[in-house]
Amino acid sequence: MPVISYREALRAAMREELQRDENVVIMGEEVAQFNGAYKVTEGLLAEFGPKRVVDTPISEAGFIGLGIGASMLGIRPVMELMFWSFSYVAFDQVINNAANIRYMSGGQINVPIVIRGPANGGTNVGATHSHTPENIIANHPGIKVVCPATPYDAKGLMKAAIRDNDPVYVMENTILYNDRGEVPEEDYIVPIGLAEVKRAGTDLTIVAHGRATITALKAAERLASEQNIQAEVVDLRSIRPLDEETILESVRKTNRVLLVEENKPFCGVDAQIAYLIQSKAFDYLDAPIGRVSSIDAPQIYCKKLEDVQIPNPDRVIAAALEVLR
Amino acid sequence: MPAPKNTKAVTHPESLKEELPANAPEKHPVNQGLGAEEKVRLYRQMVRIRHFEQRSIRVYQQGKIGGFLHLYVGQEAVAAGTISVLGPDDHVITGYRDHGHALMVGMGMNECMAELTGKLTGCSKGKGGSMHYFAPDKNFWGGHGIVGGQAPLGSGIAYALKYAGKKGCCLCYMGDGAVNQGAVHEAFNLASLWDLPVIFIIENNGYSMGTSQARSSALAGSLAQRAEGYGMAWELVNGHDLYAVRAATADAVRRAHEENKPTVMEIFTYRYFGHSMADPDKTYRQKDEIKEYREKRDPIILWEKQLLQEGVLTKEVAEQINAEAQAEADAAAKFADDSPFPGVETITQDIYWEEDNRGAETSGRGTIVFG
């Protein structure tokens, strides 16, 4: 199986879907001539031309709203946000319009739009460019939110997102763009709403999503080699829809849970996961649920401290040992 | 780029005191080609809108309509004039004052009234309400509650039409208050930059809620003139004159169809009631002003006079049309009354296409509606 990067996997997904469906349009700031601010869309303009790969002005509310309007008539726009942090200037479109139009029309309309881009801190760019809004956005019924952690999932989820008839928001991670992994050449999708056990274990369940999954896997390897502890790592992959069963199955097996996310803790995704576990697997818990998230402050610029603010393997291991105490 | 026009400042509602240029709109081909029957139909359509709105006031006062109710009374010639020139590939999107447009695109009084009362038989099964009417089968894409939020969608509809190679356009309505929203300017920019067949229609009724245009909008000349900054064509239109509205719209539609160019139309109109039924309408304008508009500029009275003068309508027929519209509105109120409320189980329906159409094509899994 070919080994390609997370970036290449995303690009392959868009390429294949552009070939598959003439209504797919790639749109965003610098996606065409510039080849993408993060080179995710590199080469697509040359291959598909300016009708299918469209540069927009810096005008998120305008072009995201335009994409939503076009999608009501059957265009399938794949809109790049250079950063998900920039969605904040387009929030009325991202939320009010994309999420609600189907409902408010009594199901007469659907909005098959994809909005994608990086949603992460850890890149030394300060608070305005480091938001992780998967929790805020997944709060809104009508929207789907996925956070791929590996190249395989990045391609499979992106293809599923483009084929989905509802708004799907794909939250990528710039730090993962160069990560490499096995990705099949043949057509496949990763169904939206399906978590995956990325590492099997018996002593403890670590639930994570996005890059926190990679951090959790690193911590799990060290827990195994240094402490002889076998942690099971459940990668949510999709925040909404949420695969409750895979989480609960793992909890019923290990009886101990640590939740890890790069999101800020207050009203974070893991607050919802903790509620789910206590309400549906309370009797299986042998210890209080542990939690590691970004330290609750605006994202700090100083790189040395930002590496502490975001969950790292050391913090995950310390929290895991606390849950196992 | 259209040549800048020299216009003196036009603010509303003071524009009542000035005669807007008319350029003999009755001689425009779109009006010359109107038969007697079509002229009477336009009259009937405006009268239907008015009676629907007036009936909805009573339903509201009976406590059967909750939330907001933004009435279109006084503005009928805008929806009637603009939508009446459209063809099969032309589309409509508007803001929250959407009842007039809905009836004009062919939505029925029954489904519209039942939506106001939150009934299952409403056009959105009671899920949208007054501000959120939709009828995609009639090329009507809402009904949008956030001021100006529909402007980018309107550009997107035009984008899709152009992408698909259709000779169509999108009429994207907004109020005079919307032109100060950023999303509207972003939509203007994209429409002109990408040559999109969209016509932005500012229904200038003089007040953004309770704030007059003079207190809300900085401008050179007029609100529509802001289009010049984006290299877009623009037009000022007397919204009390059906011929004028149709003539200007036909020109803009031709520009969209033939040249894929957008237009901004500012149509001067006036609403007789408050911003919504929740507005007691006592703080920001004088009763005399409303009276003056009702007496001198009422679009239905003016059109009726015009048709009587042209000899295509008689007083008797006009009275009959009014009686029929009133009866239709009464029947709609009864229909809404007699209709059932939607069941609790419908709260979590119509959220996701993939949930509502579970089957072979479904790609998603997992829990998306929390119980």
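Residue numbers begin at 1 in each chain, while the letters A, B, ... track the order of the sequences. As the structure is a prediction and not an experimental result, all values here were calculated from the model.
For the options A:Ser238, A:Gly107, A:Ser59, heavy-atom pairs under 4.5 Å to chain B are most numerous at A:Ser59. Among A:Glu245, A:Glu60, A:Lys51, the residue making the largest number of heavy-atom pairs under 4.5 Å with chain B is A:Lys51. Your options are A:Gly65, A:Ala99, A:Ala90, A:Gly67, and the one with the most heavy-atom pairs under 4.5 Å with chain B is A:Gly65. Chosen from B:Ala158, B:Gly143, B:Pro152, B:Pro342, the residue pairing most often with chain A at heavy-atom distances under 4.5 Å is B:Pro152.
Counting only distance, with no hydrogens or angles, the side chain of A:Asn97 and the backbone of B:Gly149 share a donor-acceptor pair below 3.5 Å. Side-chain atoms of B:Lys127 do not come within 3.5 Å of backbone N or O of A:Ser105 as any donor-acceptor pair. Within the 3.5 Å criterion, the main-chain N or O of A:Asn165 finds a donor-acceptor partner in the side chain of B:Glu354. A side-chain donor-acceptor contact under 3.5 Å links B:Lys125 to the backbone of A:Gly106. Side-chain atoms of B:Tyr352 come within 3.5 Å of backbone N or O of A:Ile143 as a donor-acceptor pair.
Both the backbone and the side chain of B:Ile347 come within contact range of chain A, judged by heavy atoms closer than 4.5 Å. Neither the backbone nor the side chain of B:His185 comes within contact range of chain A; no heavy atom of the residue lies under 4.5 Å from a heavy atom of that chain. For A:Asn100, no part lies near chain B; criterion is any non-hydrogen pair under 4.5 Å. For a residue to count as touching a neighbouring chain, one of its non-hydrogen atoms must lie under 4.5 Å from one of that chain's; by this rule A:Val25 touches chain B with the side chain only. In this structure, chain A has a heavy atom under 4.5 Å from the side chain of B:Ile146, while its backbone stays farther away. Looking at B:Gln349, the atoms closer than 4.5 Å to chain A (heavy atoms on both sides) all sit in the backbone: N, CA, C or O. Interface remark: A:Val111 contributes no atoms to any contact with chain B (heavy atom separation under 4.5 Å). Residue B:Tyr159 touches chain A through its side chain alone, counting heavy-atom pairs closer than 4.5 Å. The part of B:Cys123 that comes within reach of chain A is its backbone (N, CA, C, O), which places non-hydrogen atoms under 4.5 angstrom from that chain.
Shortest non-hydrogen contact noted between B:Tyr163 and A:Val24 is OH-O, 3.9 Å. Across all non-hydrogen atoms, the minimal contact from A:Asp166 to B:Trp353 is OD1-N, 2.6 Å. In terms of heavy-atom proximity, A:Gly142 sits nearest to B:Ile351 at N-CG2, 3.3 Å. Of all the heavy atoms in A:Ala61 and B:Glu186, the pair that sits closest is N-OE1, 3.2 Å. What you find for B:Leu190 and A:Gly62 is that their closest heavy atoms are CD1-C, 3.3 Å.
To the nearest 0.5 Å, atoms OG1 (A:Thr56) and CG (B:Leu193) are separated by 9.5 Å. Atom-to-atom distance recorded for B:Gln150:CD and A:Asn96:CG is 11.5 Å, nearest 0.5 angstrom. Atoms CD1 and CG, from A:Ile109 and B:Asp137 in turn, are 9.5 Å apart once rounded to the nearest 0.5 Å. Distance check: B:His144 NE2 to A:Asp92 CG gives 10.5 Å after rounding to the nearest 0.5 Å. Here the CZ atom belonging to A:Phe63 is positioned 13.5 Å from the OG atom belonging to B:Ser155, to the nearest 0.5 angstrom.
Residue-environment remark: NZ (B:Lys162) exceeds the threshold of 12 foreign heavy atoms within 6.0 Å. By the 6.0 Å contact criterion, OH on A:Tyr188 is enclosed, its count of non-hydrogen atoms from other residues, nucleotides or ligands being greater than 12. Residue-environment remark: CD (A:Gln33) stays at or below the threshold of 12 foreign heavy atoms within 6.0 Å. Counting non-hydrogen atoms of other residues, nucleotides and ligands closer than 6.0 Å to CZ of A:Phe91 gives a total above 12.
In this structure, the side chains of B:Trp141 and A:Gln108 stay at 4.5 Å or more apart for every pair of heavy atoms. Between B:Phe134 and A:Ile101, some side-chain heavy-atom pair lies under the 4.5 Å cut-off. Considering only heavy atoms from C-beta on, B:Leu196 comes within 4.5 Å of A:Leu66 through its side chain. In this structure, the side chains of A:Met104 and B:Ser124 stay at 4.5 Å or more apart for every pair of heavy atoms.
The contact list for residues 71-88 of chain A toward chain B, using heavy atoms and a distance under 4.5 Å, reads A:Met72, A:Leu73, A:Ile75 by residue number.
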